[in-house]
Amino acid sequence: MTRRALITGITGQDGSYLAELLLAKGYEVHGLRRRSSTFNSARIEHLYQDPRDSDTNLFLHYADLTDESRLIRLLRRIDPDEVYNLAGQSHVGSSFDEPEYTGDTVGLGAVRMLEAIRTSDIDCRFYQASSSAMYGAAVGRQDEDAPFRPMSPYGAAKLYAHWATATYREGYGMYAVSGILFNHESPRRGETFVTRKISRAVARIQAGLADYLYMGDLDAIRDWGYAPEYVEGMWRMLQADEPTDYVLATGTSYSVRDFVAAAFEHAGLDWEKHVRRDERYLRPTETAVLIGDAAKAERELGWKTTVHGGQLVRIMVDADIEAVRHEGRPWVDRPTPTS
Ligand code: NAP
Ligand code: GDP
């Protein structure tokens with residue numbers, strides 16, 4: 001029997017890779033996309049076929065996580081076996097400017113999905129996109145038992161959704177799990193996240209289209225992995241016998257400055273000549289260090305990352321250099337880079 005998956009946030013970085021993975025596994029994939037005045041489906045264009053004249057397994061539905069009645073109607077119609085809740089305002093910096101909207105989509109949005117599943121009596125497994133931002137000021141290498149101490153409206157909203165997911169699992173017996181994912185990047189990463197902002201700027205500076213890259217805090221340390229490997233972990237979490245939460249991370253650390261230096265060096269440029277500071281990119285509170293421990297996922301799910309550090313930098317810079325060379329040509333239809 002064909003399995004059906006519903007992905008909220010299918011037009012985002014992770015949603016697009018997850019859709020690819022599930023389609024390759026033979027799933028019928030349904031994705032929720034927001035109505036907007038311009039197309040927001042560039043990341044999944046290469047997967048989309050007109051449902052009228054093909055045997056496509058990918059179906060898109062307009063919906064917003066702030067609209068509960070729409071979510072209920074769609075869930076009843078689709079009747080999925082697996083639901084991946086990836087949608088929401090996902091930028092930590094923006095969450096300081098739009099804290100209420102962030103709480104509405106990231107926090108309440110997850111609860112709306114959980115309630116929609118519960119009240120529709122649909123028998124499905126639920127994945128919640130939790131985040132290392134929930135650890136915030138916590139110190140040390142973080143695993144599933146590390147204390148949470150979010151330092152942004154985004155982190156706080158994720159933590160609300162995280163505990164709501166655990167409550168529905170324990171209180172209603174739902175198969176509901178949270179993947180606590182540390183930062184994961186790719187050529188499809190949103191252009192305002194730091195890694196993509198850097199790789200894009202390097203490509204444009206190398207091509208003579210820009211001179212400077214304006215940055216905030218260069219001292220922050222992150223555990224950056226490669227997004228295609230992380231969506232595999234999401235899927236594995238929903239195939240486990242028992243529902244439980246998992247950290248996904250590389251266990252390695254890189255500072256923003258290291259990433260900048262490596263990216264410019266890869267393109268044959270001296271970063272100190274091109275990087276300038278702009279106070280606007282500083283946040284009211286900053287999470288200085290995030291490093292994860294994914295031992296549980298490796299032990300129980302057989303999940304492990306292979307791409308991080310310099311290799312990730314090269315994948316991203318090469319993809320943006322290629323995109324600048326082929327300006328106007330969509331980059332998503334190219335094969336997922338592996339080296
Ligand atoms: P992303 O690229 O920003 O994608 C977010 C998705 O959510 C997009 O499809 C976006 O639609 C959609 N969306 C935003 N607001 C919505 C709303 N009100 N209703 C319906 N859809 C809405 O994020 P990502 O990097 O793929 O991350 C996926 C999830 O994992 C997010 O929840 C993120 O917070 C979480 N997470 C990410 C990381 C990471 O490092 N990437 C780490 C931990 C957790 P548009 O395309 O129309 O904007
Ligand atoms: P985050 O870990 O979810 O906040 O992911 P980001 O990619 O947005 O930011 C990673 C780190 O880079 C954070 O510590 C930011 O403060 C730092 N950073 C420094 N300059 C910038 C910038 O210009 N843009 C962004 N997005 N982050 C920056």
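If you read the sequence from its start, that first residue is 1, and numbering goes on from there. Whatever order the structure lists ligands and atoms in, that order sets their numbers, starting from 1.
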(Q) Is there a ring-ring contact (aromatic ring centres under 6.0 Å, His included) between Tyr281 and Tyr214? Walk through the geometry before answering. (A) CA-CA 8 Å; Tyr281 297 116; Tyr214 293 91; 8.1 Å; no
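Backbone and side-chain nitrogen or oxygen atoms of Gly88 are examined, and one is located within less than 3.5 angstrom of a nitrogen or oxygen of ligand 1. Taking distance alone, with nitrogen or oxygen atoms compared against 3.5 Å, Thr192 approaches ligand 2 more closely than that limit. Note: an N/O pair closer than 3.5 Å links Arg189 and ligand 1 by distance alone. Here's the thing with Ser132: none of its N/O atoms is less than 3.5 angstrom from an N/O atom of ligand 1. Note: an N/O pair closer than 3.5 Å links Asn183 and ligand 2 by distance alone. Between Gly12 and ligand 1, an N or O atom pair is found at a separation short of 3.5 Å. At under 3.5 Å, a nitrogen or oxygen of Lys197, whether backbone or side chain, sits near a nitrogen or oxygen of ligand 2. Residue contacts with ligand 1: Ala129 is placed with no nitrogen or oxygen under 3.5 Å of a nitrogen or oxygen of the ligand (distance criterion only). Between Gly216 and ligand 2, at least one N/O pair is under 3.5 Å apart. Checking only distances, Ser131 never comes within under 3.5 Å of ligand 1, N or O to N or O.
By the 4.0 Å N-to-carboxylate-O rule, Glu82 lies close enough to Arg3 to be salt-bridged with it.
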Report, one line per pair, each donor and acceptor closer than 3.5 Å where one atom sits in a side chain of residues 303-310; sequence neighbours left out.
| unit_1 | atom_1 | unit_2 | atom_2 | d |
| --- | --- | --- | --- | --- |
| Trp303 | NE1 | Glu229 | O | 2.8 |
| Thr306 | OG1 | Glu229 | OE2 | 2.5 |

Under 3.5 Å donor-acceptor pairs involving side-chain atoms of residues 261-275, not counting sequence neighbours:
| unit_1 | atom_1 | unit_2 | atom_2 | d |
| --- | --- | --- | --- | --- |
| His266 | NE2 | Asp318 | OD1 | 2.8 |
| Asp270 | OD1 | Glu272 | N | 3.1 |
| His274 | ND1 | Asp211 | O | 2.8 |

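Among protein heavy atoms, atom 38 (C) of ligand 1 sits closest to His184 CE1, 3.2 Å. Atom 2 (O) of ligand 2 has Arg222 NE, 2.7 Å as its closest protein atom, hydrogens excluded (heavy atom only). The shortest contact between atom 31 (C) of ligand 1 and any protein heavy atom is with Leu86 O, 3.1 Å. Scanning all protein heavy atoms for the shortest distance to atom 9 (O) of ligand 2 gives Arg283 NH2, 3.7 Å. At the shortest separation from atom 17 (C) of ligand 2 among protein heavy atoms lies Asp217 O, 3.7 Å. Protein heavy atom at the shortest distance from atom 12 (O) of ligand 2 is Val256 CG2, 3.4 Å. Atom 28 (C) of ligand 2 has as its closest protein heavy atom Val194 CG2, 3.4 Å.
Residue contacts with ligand 2 leave out Arg196, since none of its heavy atoms falls under 4.0 Å from the ligand.
In this structure, CG in Leu22 is found 5.0 Å from OH in Tyr84, a value given to the nearest 0.5 Å.
By heavy-atom distance, the residue among Met234, Arg188, Arg34, Gln13 lying nearest atom 15 (N) of ligand 1 is Arg34. Scanning Phe193, Trp224, Tyr154, Tyr62 for the heavy atom closest to atom 36 (N) of ligand 1 points to Tyr154.
No more than 12 heavy-atom neighbours from other residues, nucleotides or ligands sit within 6.0 angstrom of CD on Glu242.
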